[in-house]
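Worksheet: one structure, shown below.
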Amino acid sequence: MSSFAITLPDGSQKSVDAGARPLDVAEAISPRLAEAAIVARVNGVLWDLTRPFTGDSTLELLTNKNPEALEVYRHSTAHLLAAAVLELYPETQLGIGPPIDTGFYYDFDRPVPFTPEDLEKIEAKMWEIQARDLPYDRILTRKDEGLEKYKDMWMKSELITERADEVFSEYTLGPAFIDFCRGPHVPSTKKIKAFKLLSIAGAYWKGDEKRKQLQRIYGTAFFTKKEQDEHLARIEEAKRRDHRKLGAELDLFSIQELAGPGLAFFHPKGGIIRKTLEDWMREAYLKRGYSLVYTPHVARVDLWKTSGHFGFYRENMFTVMPLDDAEYQLKPMNCPCHILVYARKPHSYRDLPQRLGELGTVYRYERSGTMHGLMRVRGFTQDDAHIFCTPEQVESEVVACLEFAIDTLRTFGFEKYKAEISTWDGGASGKYDGSPEHWQLAENALRRAVEKLGIEATVVPDEAAFYGPKIDMKLVDAIGRLWQLSTVQFDFTLPRRFQLEYIGEDGKKHQPLMVHRALFGSVERFFGILVEHYAGAFPVWLSPVQVAVMPITDKQLDYAKQVAKELEADGVRVYLDDRNEKVNLKIRDAQMQKIPFMLVCGGREAEQGTVSVRHRKHADQGVKPLAEFREQIKQLIATRVNND
RNA sequence: GCUGGCGUAGCUCAGCUGGUAGAGCAUCUGAUUUGUAAUCAGAGGGUCGGGGGUUCGAUCCCCUCCGCCAGCUCCA
């Protein structure tokens with residue numbers, strides 16, 4: 001009888017009989033390790049705990065500390081879901097069931113869609129199967145046999161035809177369930193301790209909207225009930241912060257059915273916040289050497305033909321407006337307009353870089369099912385700028401853009417962010433426009449810029465726009481969500497299409513490089529992100545109402561008016577709550593409106609020229625002279641403190 | 001655009017398998033003059049998303065359109 005040498009991560013070796021499995025090694029080390037192990041890594045490959053070694057091997061046992069183990073665990077939970085569905089609804093056809101960031105899903109083809117009640121039944125059935133402690137057994141099948149076995153299951157047949165090797169693996173779950181699957185899986189259903197089915201949704205087979213639409217069941221799964229509860233609590237927290245909900249509650253904005261979907265109306269309170277964002281941004285443009293331009297919202301179709309948008313972007317544009325002289329179209333992008341400004345006259349290399357910036361409103365015809373509050377709309381304003389520069393200037397311009405982006409993030413209370421550089425495929429496919437020299441120059445500039453600034457960046461090959469490489473900044477919000485925000489993109493196509501030029505030192509014509517960049521991305525979307533980041537409790541400098549002044553009785557009304565007037569003279573946004581109501585109610589209302597400061601003015605305060613300060617988070621702050629409070633709040637506003 | 005769910009007063013919702021609608025909050029009026037998260041009373045307010053159909057009769061059933069929500073696909 002032969003034996004295999006198994007090398008553990010610490011370098012120690014164990015000799016096992018042929019036929020031994022990782023689980024046996026785990027048990028030999030300690031029963032607790034065997035209990036905690038989810039899956040193994042054998043010779044660098046994820047491997048079932050119950051799959052025998054095939055020779056001398058390295059072995060790593062993955063427990064619930066390991067993210068890859070969680071993926072396997074969720075994948076196994078997806079199989080459990082499929083098994084439950086087949087027990088309840090045997091006519092169902094199986095698609096795929098992978099793990100995802102927050103859990104798993106499984107796609108099913110079934111004549112009758114699932115209902116929420118079905119979901120409960122399925123979940124109950126899953127627990128029933130889980131309790132049976134069924135093993136996930138790996139068996140091997142020849143491809144021709146497999147195709148015969150799965151011939152009535154169209155999706156599995158398709159997958160086997162495309163993906164299976166001559167001999168492929170399947171996983172069973174009890175006597176009745178078998179699924180074409182690469183694995184690996186947990187050893188048995190008893191390993192699965194916490195899961196919950198969350199929702200049903202339509203999803204296209206292979207993500208292709210021309211293919212059949214399937215029923216997708218989403219679920220979440222964690223190693224422990226506690227982690228799962230925390231995850232579900234995060235979902236609840238996200239709902240509580242939803243900018244659509246807060247936008248209505250705080251009276252910030254609305255979307256009007258009469259006007260149409262995806263078109264945002266900012267109310268007075270949302271308006272003042274938006275103005276503050278925009279003012280900050282315009283000021284920053286000027287400080288950083290940008291020029292401000294204004295360009296029209298509509299232009300002749302010819303412009304969009306020249307830019308190329310009429311060709312490749314047409315299905316995202318509002319339809320053509322035929323007028324007397326020509327056909328016009330709403331602008332979906334600002335670039336061509338800024339290019340016209342650049343091209344109005346000849347430029348010397350001495351004039352470069354030209355940084356043309358605008359809060360430019362664009363209109364894109366988004367498909368009806370894709371709108372989402374302020375995050376995805378049909379009319380929105382980009383903080384858009386285009387930098388026309390020489391090849392020598394590219395790198396410093398990119399660095400400046402990224403510094404600008406980081407300043408923007410910090411100003412609005414985001415400390416964490418990530419960068420992603422999207423590059424081309426090296427020209428292999430021919431789908432990218434521009435010369436290799438240009439691509440290399442631009443990609444190097446992006447790489448060096450992040451290095452220089454010490455930004456954590458990942459490079460994603462073959463994800464660039466066809467017209468140039470780009471770098472995207474993603475922010476992490478207060479509850480850990482990632483949002484795509486700033487983008488810095490090269491564009492090799494438009495300068496050529498518009499035949500842009502500058503006169504170089506050599507007296508000859510050259511084509512400038514063009515960098516497209518947006519930091520908020522869209523003002524609307526950024527506004528929505530801010531609402532969710534702060535859960536509606538904006539820092540003082542952004543709060544639509546910064547101070548609520550509340551007289552206790554109308555005997556103090558004159559004093560309260562005086563307090564409000566003095567604060568207003570300092571530029572503070574004040575709401576004087578002169579309603580004939582109790583302070584309790586006034587405070588409750590102010591709290592719900594998330595007003596940072598409440599100034600209670602009673603007889604004592606009126607007499608002494610003081611105010612009783614209440615902060616929305618820290619409650620009663622005691623009495624202080626009005627002058628002192630004025631200084632304090634002026635300071636908070638001027639320094640744009642994010643965490644008051 | 002696709003799949004599923006949903007649409008009742010400004011908001012949150014109730015309305016027993018068809019007999020033309022109710023509550024709380026908000027609004028207005030009055031009383032109350034109040035000390036750190038809801039004072040009391042009265043009043044006004046709804047073509048039950050729009051249109052069409054079935055029916056003696058439709059908020060309820062059917063068709064269609066619009067919008068919203070969860071996803072898919074796309075994307076700032």
Side-chain angles (χ1 to χ4, degrees), chain A residues 105 107 109-110 112-116 118-119 198-218 239 242 244-245 248-249 251 254-262 313 315-316 332-334 360 362 364-384 465 472 483-487 489 516 518-529 548 550-557 579-593 598-605 612-616 619-623:
Chain A
Y105 67 79
D107 284 344
D109 182 19
R110 182 160 178 262
V112 190
F114 293 113
T115 66
D118 292 339
L119 218 55
L198 296 178
S199 60
I200 316 157
Y204 300 104
W205 173 235
K206 292 183 176 167
D208 181 346
E209 62 182 315
K210 296 196 175 58
R211 302 294 303 263
K212 184 160 190 181
Q213 190 152 28
L214 310 170
Q215 300 283 314
R216 175 172 296 179
I217 296 182
Y218 281 96
K239 275 189 202 157
D242 191 311
R244 294 166 300 183
K245 182 170 173 278
E249 283 171 10
D251 197 16
S254 60
I255 297 189
Q256 305 279 340
E257 186 168 343
L258 189 57
Y313 204 70
E315 68 278 17
N316 279 304
M333 295 194 180
N334 299 301
V362 296
R364 299 184 184 173
Y365 187 76
E366 300 294 346
R367 295 204 286 174
S368 62
T370 60
M371 264 81 72
H372 180 93
L374 292 178
M375 302 300 188
R376 184 89 181 267
V377 287
R378 281 185 175 157
F380 61 99
T381 302
Q382 295 178 303
D383 61 313
D384 206 359
D472 292 324
W483 298 93
Q484 148 81 44
L485 195 71
S486 308
T487 181
Q489 305 182 201
H516 164 115
L519 305 185
F520 288 154
S522 113
V523 177
E524 286 78 359
R525 205 171 81 98
F526 187 69
F527 185 102
I529 292 171
M550 33 191 80
I552 291 177
T553 75
D554 50 19
K555 289 194 189 73
Q556 293 89 42
L557 190 54
R579 292 177 301 170
N580 177 8
E581 295 289 352
K582 291 180 145 182
V583 214
N584 284 316
L585 181 82
K586 296 182 184 183
I587 285 174
R588 180 183 150 82
D589 286 351
Q591 286 285 156
M592 291 201 302
Q593 283 298 303
M598 289 150 263
L599 301 183
V600 177
C601 300
R604 295 192 293 274
E605 287 79 10
S612 177
V613 181
R614 182 188 165 97
H615 184 270
R616 66 183 165 197
D620 198 341
Q621 303 288 288
V623 175

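So you know, we letter chains A, B, ... as the sequences are listed, proteins then strands, and number each from 1.
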Heavy atoms of Arg614(A) and Gln591(A) approach each other most closely as NE-OE1, 2.9 Å

Worksheet item: For atom P, what is the distance between G44(B) and A58(B), given to the nearest Å?
Response: 27 Å

Closest to the 5' end of RNA chain B, once Leu214(A) and Val623(A) are matched to their nearest nucleotides, is Leu214(A)

As its Watson-Crick or G-U partner within any shown strand, both distances under 3.5 Å, C6(B) has G67(B)

Partner of C40(B) under the Watson-Crick or G-U wobble criteria, both distances under 3.5 Å, comes out as G30(B)

Using Watson-Crick geometry (N1-N3 plus N6-O4 or O6-N4) or G-U wobble (N1-O2, O6-N3), each under 3.5 Å, G57(B) is paired with none

- prompt: When you compare G42(B) with G49(B), how far apart are their P atoms, in angstrom units rounded to a whole number?
  reply: 30 Å

Nearest heavy-atom approach of Leu374(A) to Val377(A) is CA-CG1, 3.9 Å

Interatomic distance at C1', U47(B) relative to A21(B), whole Å: 13 Å

Scanning both residues in full, the closest heavy-atom pair of Gln489(A) with Ala465(A) reads NE2-CB, 4.5 Å

Any donor-acceptor N/O pair under 3.5 Å between A37(B) base and Arg616(A) side chain: no

- So what does Asn584(A) hit on the nucleic acid, given a heavy-atom distance under 4.0 Å: a base, only sugar-phosphate, or nothing? sugar-phosphate

_Suppose you measure atom C1' in U29(B) against the same atom in G19(B); what distance do you get, rounded to whole Å?_
36 Å

dist Phe520(A):CZ -> Thr381(A):OG1 (nearest 0.5 Å) comes out at 11.5 Å

* Contact class for Val583(A) (heavy atom, under 4.0 Å): base, sugar-phosphate, or nothing? -> sugar-phosphate

Met592(A) atom CE is separated from U12(B) atom C1', nearest whole Å, by 13 Å

Letter by letter from the 5' end, nucleotides 67-76 of chain B scores (B base, S sugar-phosphate only, - none; protein heavy atoms under 4.0 Å) SSSSBBBBBB

Base, sugar-phosphate or nothing for Gln256(A)? Non-hydrogen atoms, less than 4.0 Å. nothing

Distance between the P atoms of C60(B) and C72(B), in whole angstroms? 34 Å

Separation of A37(B) atom C1' from Arg588(A) atom CZ, nearest Å, is 6 Å

In whole angstroms, the gap separating P of C2(B) from CZ of Arg211(A) amounts to 19 Å

pair_partner(U17(B)), Watson-Crick or wobble, both distances < 3.5 Å, evaluates to none

- For G15(B) versus U20(B), give the span between their C1' atoms, rounded off to a whole number of Å. 14 Å

Polar side-chain atom of Asp383(A) near backbone of Gly521(A) as donor-acceptor pair, under 3.5 Å:
yes

Between Val362(A) and Gln382(A), the two heavy atoms sitting closest are CG1-OE1, 4.0 Å

Scanning all shown strands, the Watson-Crick or wobble mate of G45(B) with both distances under 3.5 Å is none

If only atom types and distance count, is the side chain of Lys586(A) paired as donor or acceptor with the main-chain N or O of Arg579(A) below 3.5 Å?
yes

- Message: Taking the C1' atom in each of C68(B) and U8(B), what is the distance between them to the nearest angstrom?
- Response: 15 Å

Taken to the nearest whole Å, CD1/Ile217(A) to C1'/U3(B) is 13 Å

Whole-Å distance, Leu258(A) CG to G50(B) P, equals 14 Å

| field | Atom C1', compared across C56(B) and A43(B): separation rounded to whole Å | value | 37 Å

- Message: Within the 4.0 Å heavy-atom criterion, would you say Lys555(A) contacts the bases, only the backbone, or no part of the nucleic acid?
- Response: sugar-phosphate

| message | Please determine whether a side-chain nitrogen of the Lys or Arg among Glu581(A) and Arg588(A) lies less than 4.0 Å from a carboxylate oxygen of the Asp or Glu. | response | no

Re G24(B): Watson-Crick or G-U wobble partner, both distances kept under 3.5 Å, found to be C11(B)

On RNA chain B, more 5' by nearest nucleotide between Pro113(A) and Gln591(A) is Pro113(A)

Taken to the nearest whole Å, CD/Glu581(A) to P/A31(B) is 14 Å

Tell me whether Arg244(A) is salt-bridged to Asp242(A), with the criterion being a basic N under 4.0 Å from an acidic carboxylate O. yes

query = Reckon Leu585(A) touches a base, only the sugar-phosphate, or nothing at all at heavy-atom distances under 4.0 Å?
reply = sugar-phosphate

Here the distance between atom P of U3(B) and atom CG of Asp118(A), to the nearest Å, is 19 Å

